Trainee: 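Submitted below is the structure of interest, expressed as structure tokens.
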Protein chains: 2
Amino acid sequence: MSDANTKDPVVPINAAKKQVRDGKSSATIYDIAKMAGVNPSTVSRALSKPGRVSAKTQKLIEDAAAELRYQVNPFARALPTGRTNTIGLIVADFTNPTFFDIIRGAQTTGTLRDYTLVLAESAESGSTELTAGHRMMATVDGLILASPRMDDDDIRALAAEKPVVVINREVTGVPCVIPDVHKGISEAVRSLAANGHKKIAYVGGPVQSWMSGRRWEGVQAACEWSHVSALRLESAKPTVDGGRQVARDVLASGVTAVLTYNDLLAIGLMRELQAGGMVVPDQISIVGFDDIFGADFTTPPLTTVRSPLGECGSAAATRLLDVLAGGEDEGTVRVETELVLRGSSGRLLS
Amino acid sequence: MSDANTKDPVVPINAAKKQVRDGKSSATIYDIAKMAGVNPSTVSRALSKPGRVSAKTQKLIEDAAAELRYQVNPFARALPTGRTNTIGLIVADFTNPTFFDIIRGAQTTGTLRDYTLVLAESAESGSTELTAGHRMMATVDGLILASPRMDDDDIRALAAEKPVVVINREVTGVPCVIPDVHKGISEAVRSLAANGHKKIAYVGGPVQSWMSGRRWEGVQAACEWSHVSALRLESAKPTVDGGRQVARDVLASGVTAVLTYNDLLAIGLMRELQAGGMVVPDQISIVGFDDIFGADFTTPPLTTVRSPLGECGSAAATRLLDVLAGGEDEGTVRVETELVLRGSSGRLLS
DNA sequence: TTGTAAGCGTTATCAA
DNA sequence: TTGATAACGCTTACAA
């Protein structure tokens with residue numbers, strides 16, 4: 001009776017693996033139990049929640065576990081509990097550095113709280129994004145959605161399955177964390193106005209982008225307040241290339257300053273303008289959005305409204321983990337934006 | 001008999017979860033079996049490997065699965081098989097844009113082959129990195145290590161557990177994918193020599209960095225070949241800031257051109273030099289390494305030896321997945337580097 | 001405080 | 001070709 005294996009009539013499913021384990025791979029709670037002379041369930045108790053077991057056996061078990069270099073098998077644990085200790089993060093586009101900071105933020109705080117981060121790109125359309133979301137739901141305890149293209153109802157459908165936190169967008173009924181554009185934009189517009197600009201343009205991002213809409217609203221409001229006129233231009237895509245393409249519209253519009261939906265657009269626009277012989281900021285001021293990596297590499301360095309994306313990522317992870325830990329949480333968390341005044345904006349010389 | 005739950009003497013472990021499932025959450029092969037009027041094991045066969053089941057029942061089962069919106073439970077599957085359909089990627093530093101391309105590459109090809117990518121940062125020292133690696137091993141089928149600080153033996157120890165592929169470094173006995181610096185560097189040095197440079201410096205990265213060593217060797221070889229003298233300078237850290245700090249050493253060395261271990265160093269160096277009044281490339285040429293995102297944002301845009309990092313990531317994932325699919329694979333795959341000639345290098349004017 | 005045993009969803013062995 | 005069933009490693013209700 002001491003060794004059940006010897007009289008086991010059926011060959012274990014993967015004898016090969018077993019052999020390996022006996023050699024070096026990870027031990028199970030059964031191994032620990034045998035070594036400590038207790039029952040496996042006691043081992044389980046000792047190793048999961050503290051204090052459910054006498055101090056003596058606790059030590060016995062911990063020692064055995066250490067000696068055997070025990071590591072829980074997350075899959076075996078997930079099966080009965082349903083908890084995976086994993087959170088998912090879906091970003092719209094790996095190609096966009098905006099998401100780098102978000103990923104980093106989420107990863108860091110996830111790891112801190114002993115959660116694994118799994119990453120997916122939603123590419124393409126809102127529908128494939130929804131599919132990706134559903135698929136991911138199978139493996140994670142909760143999900144962070146960064147700038148999803150899905151519509152609100154789809155997001156709520158996802159949120160009905162498991163906890164979801166949305167970044168860069170507000171969806172009622174779902175916890176969200178968004179940069180509060182107000183402060184940063186008014187600082188930007190005030191700065192522009194103070195430098196004598198009377199007419200500015202906002203270059204929008206994708207039309208479906210919730211964030212782009214908010215930024216445009218913010219620009220309008222701030223302009224009104226500062227008595228400068230604002231007009232909206234459209235970009236084909238929110239990239240450096242899109243920025244280059246919109247240069248002629250900017251020129252044609254006759255504005256002396258432009259805010260763009262994001263830094264990539266701003267950089268493309270600036271370079272195209274410079275290539276055409278214009279001097280930034282002497283002839284035109286350019287202000288980007290986000291303060292992505294590399295925004296200060298340009299000459300002049302880009303003035304931009306900083307979105308604390310890393311903070312968003314980490315705030316989102318924190319909220320998600322809090323909900324998973326049993327907290328109730330709804331509504332929107334706002335992180336402050338601020339103007340980062342660098343060289344691409346300033347007084348008109350002419 | 002129609003509802004087993006009512007007469008179940010023992011309350012299921014997570015009755016709450018069960019209820020949810022009955023409402024909407026995912027069905028199991030038992031549900032499908034019941035619906036299709038077959039045994040669960042038949043469902044398993046039908047759904048895993050094709051052709052092990054009669055066409056008729058196959059269809060029956062597939063229809064039922066579709067109707068129930070069945071999704072395998074990866075955890076349940078992982079338990080008996082040991083296969084998780086997950087690969088791990090450990091990067092040294094989230095803060096370094098170099099890794100984003102690698103992540104993107106690995107992610108993309110992983111997803112393509114239906115594998116999930118889990119991400120970890122190894123932060124700090126080689127020892128925590130080893131720990132992270134071991135921990136990760138529990139959850140993944142294989143591991144990609146990007147520029148690890150671990151020593152070769154540790155990497156081999158990891159590789160003994162499960163398939164490992166290393167990026168940006170060569171470890172004998174472990175499949176590696178590395179940029180072949182030779183071509184890119186000789187192009188760079190030739191270009192510099194053709195522009196009349198006689199004495200150039202290489203600004204090294206972290207001393208333990210395998211890659212930095214190879215690059216220095218490459219520079220030496222290429223310089224010898226082109227009859228220009230090469231000297232090596234050290235940086236405190238491989239960042240923009242590190243680049244700024246090394247500026248005075250560069251100045252003191254009297255070289256007219258410098259290659260740096262990476263683009264970040266080059267950018268920092270260039271800005272510091274420019275801030276001190278030097279004109280790039282008229283007074284000094286600067287060549288970076290990697291061609292990271294943003295390398296072309298500078299003025300002048302950075303000349304750099306491009307490492308196809310995305311390709312490395314995707315090649316590593318491909319190799320790993322091939323090994324997991326049963327292929328034998330060792331040795332090193334090299335991806336070609338090339339000079340990207342932009343504005344920061346050129347002829348000396350003086 | 002500890003042991004017993006059922007159950008999580010899947011795969012794989014064996015028998016039919 | 002299909003059905004019955006043990007096994008994967010862990011958690012937890014219940015009994016002791």
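The shown structure was predicted, so the numbers you read here are calculated from the model rather than taken from an experiment. Within every chain, numbering begins at 1; the chains are lettered A, B, ... in the order of the sequence lines, protein sequences first and strands thereafter. Only this structure's heavy atoms are used, side chains among them; waters, hydrogens and symmetry mates stay out.
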Trainee: Starting at atom CG of A/D31, determine the distance to atom C1' of D/dG9, rounded to an integer number of angstrom.
Mentor: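 A/D31 atom CG is separated from D/dG9 atom C1' by 10 Å.
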Trainee: Which comes earlier along DNA chain D counting from the 5' end, the contact point of B/A76 or that of B/T57, where each point is its nearest nucleotide?
Mentor: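 The residue mapped nearer the 5' terminus is B/T57.
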Trainee: Which nucleotide sits closest to the side chain of A/T81: D/dT12, C/dT1, C/dG9?
Mentor: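 Closest of the options to the side chain of A/T81: D/dT12.
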Trainee: Take atom CD1 of B/I32 and atom P of D/dT2, then tell me their distance rounded to the nearest Å.
Mentor: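 Rounded to the whole Å, the gap is 15 Å.
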Trainee: Can a donor-acceptor pair be found, under 3.5 Å and without considering hydrogens, that links the side chain of A/D141 to the backbone of A/N85?
Mentor: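 A pair under 3.5 Å: yes.
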Trainee: Mark yes or no for whether A/Q71, through its side chain, and B/A138, through its backbone, hold a donor-acceptor pair below 3.5 Å.
Mentor: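 Such a contact is absent between A/Q71 side chain and B/A138 backbone.
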Trainee: Round to the nearest Å and state the distance from A/F75 atom CZ to D/dA7 atom C1'.
Mentor: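 Those two atoms, CZ and C1', are 18 Å apart.
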Trainee: Enumerate the residues from residues 36-45 of chain B whose closest heavy atom to DNA chain C is under 4.0 Å, giving them by residue number; use none for an empty result.
Mentor: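 Within this stretch, B/S41, B/S44, B/R45 sit under 4.0 Å of the strand.
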Trainee: Just checking A/Y30: base, sugar-phosphate only, or nothing, at a heavy-atom cut-off of under 4.0 Å?
Mentor: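 Base contact.
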Trainee: Just the rounded figure in Å: distance from P of C/dT2 to CD1 of A/I61.
Mentor: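 Going from CD1 in A/I61 over to P in C/dT2 covers 8 Å.
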Trainee: Rounding to a whole Å, what distance do you find between B/R52:CZ and C/dA12:C1'?
Mentor: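 Distance check: B/R52 CZ to C/dA12 C1' gives 10 Å.
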Trainee: Given atom CG of A/N73 and atom C1' of C/dG9, what is their separation to the nearest angstrom?
Mentor: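 Interatomic distance, CG of A/N73 to C1' of C/dG9: 14 Å.
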Trainee: When you measure from the side chain of A/K162 to the backbone of A/L143, do you find a donor-acceptor pair of N or O atoms at a distance under 3.5 Å?
Mentor: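 Looks like no, no N/O pair under 3.5 Å.
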Trainee: Under 4.0 Å between a side-chain N or O of B/R77 and OP1 or OP2 of C/dG9?
Mentor: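 The answer is no; no side-chain N or O of B/R77 sits under 4.0 Å from OP1 or OP2.
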Trainee: Looking only at atom types and distance, does a side-chain atom of A/R83 sit under 3.5 Å from a main-chain N or O of A/R77, one as donor and one as acceptor?
Mentor: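 No, because the side chain of A/R83 does not come within donor-acceptor range (under 3.5 Å) of the backbone of A/R77.
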Trainee: Could you work out, with side chain to side chain contact (heavy atoms under 4.5 Å, CB included) as the rule, every residue matching B/D153, not counting sequence neighbours?
Mentor: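 Result, side chain to side chain contact (heavy atoms under 4.5 Å, CB included) vs B/D153: B/D151, B/R156.
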Trainee: Does A/K49 place a side-chain N or O at less than 4.0 Å from the phosphate oxygens OP1/OP2 of D/dT12?
Mentor: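 For D/dT12, OP1/OP2 do have a side-chain N/O of A/K49 under 4.0 Å.
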Trainee: In whole angstrom, what separates A/L47's CG from D/dT12's C1'?
Mentor: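 The answer, rounded to whole Å, is 15 Å.
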Trainee: For A/R83 and D/dC10, what is the distance between atoms CZ and C1' respectively, to the nearest whole Å?
Mentor: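 Computing the A/R83:CZ to D/dC10:C1' distance gives 13 Å.
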Trainee: Run the salt bridge (charged side-chain N to carboxylate O under 4.0 Å, His left out) check on B/D322 and B/R113 step by step: do they pass?
Mentor: CA-CA 10 Å; B/D322 285 348; B/R113 301 195 27 188; 3.1 Å; yes
Trainee: Tell me the ring-ring contact (aromatic ring centres under 6.0 Å, His included) pairs involving residues 34-55 of chain A, sequence neighbours left out?
Mentor: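 Qualifying pairs, neighbours excluded: none.
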Trainee: Which nucleotide, D/dC10, C/dA12, C/dT10, lies nearest any side-chain atom of B/Y70?
Mentor: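 Closest nucleotide to the B/Y70 side chain: C/dT10.
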